[in-house]
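Here's the structure, in structure tokens; my notes come after.
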Amino acid sequence: MIVLLAASCGGGGGSGTSPRNLDNACSILEQRPGYYRAFRSAERRWGVPVHVQMATIYQESKFDSDARTPFRYSLGVIPIGRQSSAFGYSQALDGTWDEYLADVGRRGARRDNIRDATDFMGWYMDLSRKELGIPMSDARRHYLAYHEGRAGYRRGSYNAKSWLLRVSTQVGERAVLYERQLRNCRAAR
């Protein structure tokens with residue numbers, strides 16, 4: 001009974017399943033009303049537009065609260081651990097998540113909670129804006145800094161990764177798509 005009650009709330013820890021039709025921002029928000037509240041809260045606190053957050057979460061986890069990196073294998077068959085400690089909606093690494101928790105004082109925050117994950121992303125992107133001068137509306141460059149870390153972004157490490165440049169362009173294009181869709185979306189009012 002308690003599990004069913006908690007699952008019906010729709011805004012806390014995720015169910016692990018993504019919404020349907022991830023190419024439609026309105027559909028995502030209609031299926032998960034708690035998402036919009038979380039996105040707006042992070043936008044108010046950190047200044048990151050909703051569509052930039054949504055495009056980044058799409059790329060990182062496809063809105064799967066329990067997303068993890070794939071396993072690595074020894075000899076092609078023996079699992080030896082995951083590729084990284086990235087977990088949750090935002091795919092935050094353990095060390096970066098711990099830095100966030102210490103900096104903002106949110107000891108109980110969880111990476112599989114949409115509100116906590118969006119606050120983390122806002123915090124990270126706000127630091128990228130301050131340290132690297134990336135405008136909050138620039139989803140492509142924020143994604144590069146998010147993926148490579150601010151030090152890697154500063155060094156231009158992404159320039160040696162054509163696949164990452166391609167992905168960051170897709171994140172930017174998705175942000176534009178989501179922004180356009182959100183203008184006419186009842187769920188976003």
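Since we're looking at a predicted model, the values are computed, not measured. For reference, positions follow the sequence shown, starting with 1.
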Verdict with reasoning, Y124 to Y146, per ring pair (Phe, Tyr, Trp, His ring centres under 6.0 Å):
CA-CA 8 Å; Y124 194 92; Y146 194 80; 5.4 Å; yes

Under a 4.5 Å cut-off applied to non-hydrogen side-chain atoms, are [X] and [Y] in contact?
{"X": "P49", "Y": "E179", "value": "no"}
{"X": "L182", "Y": "V50", "value": "yes"}
{"X": "I28", "Y": "L22", "value": "yes"}
{"X": "V171", "Y": "Q59", "value": "yes"}
{"X": "R111", "Y": "D94", "value": "yes"}
{"X": "D126", "Y": "M136", "value": "yes"}
{"X": "I57", "Y": "T118", "value": "yes"}

Enter the distance from [X]:[atom1] to [Y]:[atom2] here, rounded to the nearest 0.5 Å.
{"X": "I114", "Y": "M121", "atom1": "CD1", "atom2": "CE", "answer": "8.0 Å"}
{"X": "N184", "Y": "C26", "atom1": "CG", "atom2": "SG", "answer": "7.5 Å"}
{"X": "R154", "Y": "E131", "atom1": "CZ", "atom2": "CD", "answer": "5.5 Å"}
{"X": "T96", "Y": "D103", "atom1": "OG1", "atom2": "CG", "answer": "12.0 Å"}
{"X": "R150", "Y": "L144", "atom1": "CZ", "atom2": "CG", "answer": "14.0 Å"}
{"X": "Y89", "Y": "F120", "atom1": "OH", "atom2": "CZ", "answer": "15.5 Å"}

Minimal heavy-atom distance between L132 and R141, with the atoms involved, is O-NH2, 4.4 Å

So, for G172 and A139, which heavy atoms are closest and what is the spacing to 0.1 Å?
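Reported closest heavy-atom pair: CA-CB, 4.2 Å.
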
Say whether I134 and M54 are linked into one hydrophobic cluster, either directly or through other cluster members, by side-chain heavy-atom distances under 4.5 angstrom.
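In one cluster: no.
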
Verify the cluster assignment for M125 and L164: are they in a single hydrophobic cluster under the rule of side-chain heavy atoms below 4.5 Å apart?
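No, M125 and L164 fall in different hydrophobic clusters.
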
Verify, without hydrogens or angle tests, whether [X] (side chain) and [Y] (backbone) share a donor-acceptor contact under 3.5 angstrom.
{"X": "H142", "Y": "P135", "result": "yes"}
{"X": "Q91", "Y": "S61", "result": "no"}
{"X": "S41", "Y": "R37", "result": "no"}

Can you confirm whether the side chains of E60 and T56 place a donor and an acceptor under 3.5 Å from each other?
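No, T56 and E60 have no side-chain donor paired with an acceptor closer than 3.5 Å.
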
Looking at R110 and D112, is there a salt bridge between them, counting it only when a charged N and a carboxylate O are closer than 4.0 Å?
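Yes, this pair counts.
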
Side-chain ion pair, D119 and R115, N-O less than 4.0 Å
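Salt bridge absent between D119 and R115.
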
I'd like to know whether D138 forms a salt bridge (Lys or Arg N to Asp or Glu O under 4.0 Å) with R129, so could you lay out the CA-CA distance, the side-chain angles of the two residues, the decisive distance to 0.1 Å, and finally the verdict.
CA-CA 10 Å; D138 191 337; R129 178 188 59 81; over 6 Å; no

Mind checking what makes side-chain contact (heavy atoms from CB on, under 4.5 Å) contact with V104, not counting sequence neighbours?
R45, W46, Y100, R106, W123

Only pairs at least two apart or in different chains count here, so list each side chain to side chain donor-acceptor pair (under 3.5 Å) that has a residue in residues 161-178.
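Found D23-R174, Y58-R174, E148-K161, R174-Y178.
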
Can you label the angle between the H147 ring and the Y143 ring as parallel, tilted or perpendicular, going by 30° and 60°?
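The arrangement is tilted - the two ring planes meet at 30° to 60°.
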
Using salt bridge (charged side-chain N to carboxylate O under 4.0 Å, His left out) as the criterion, list what pairs up with R180, not counting sequence neighbours.
none

For the ring pair Y158 and Y153, is the centre-to-centre distance below 6.0 Å?
yes

Give a yes or no on this: more than 12 heavy atoms of other residues, nucleotides or ligands lie within 6.0 Å of atom CZ of R107.
no

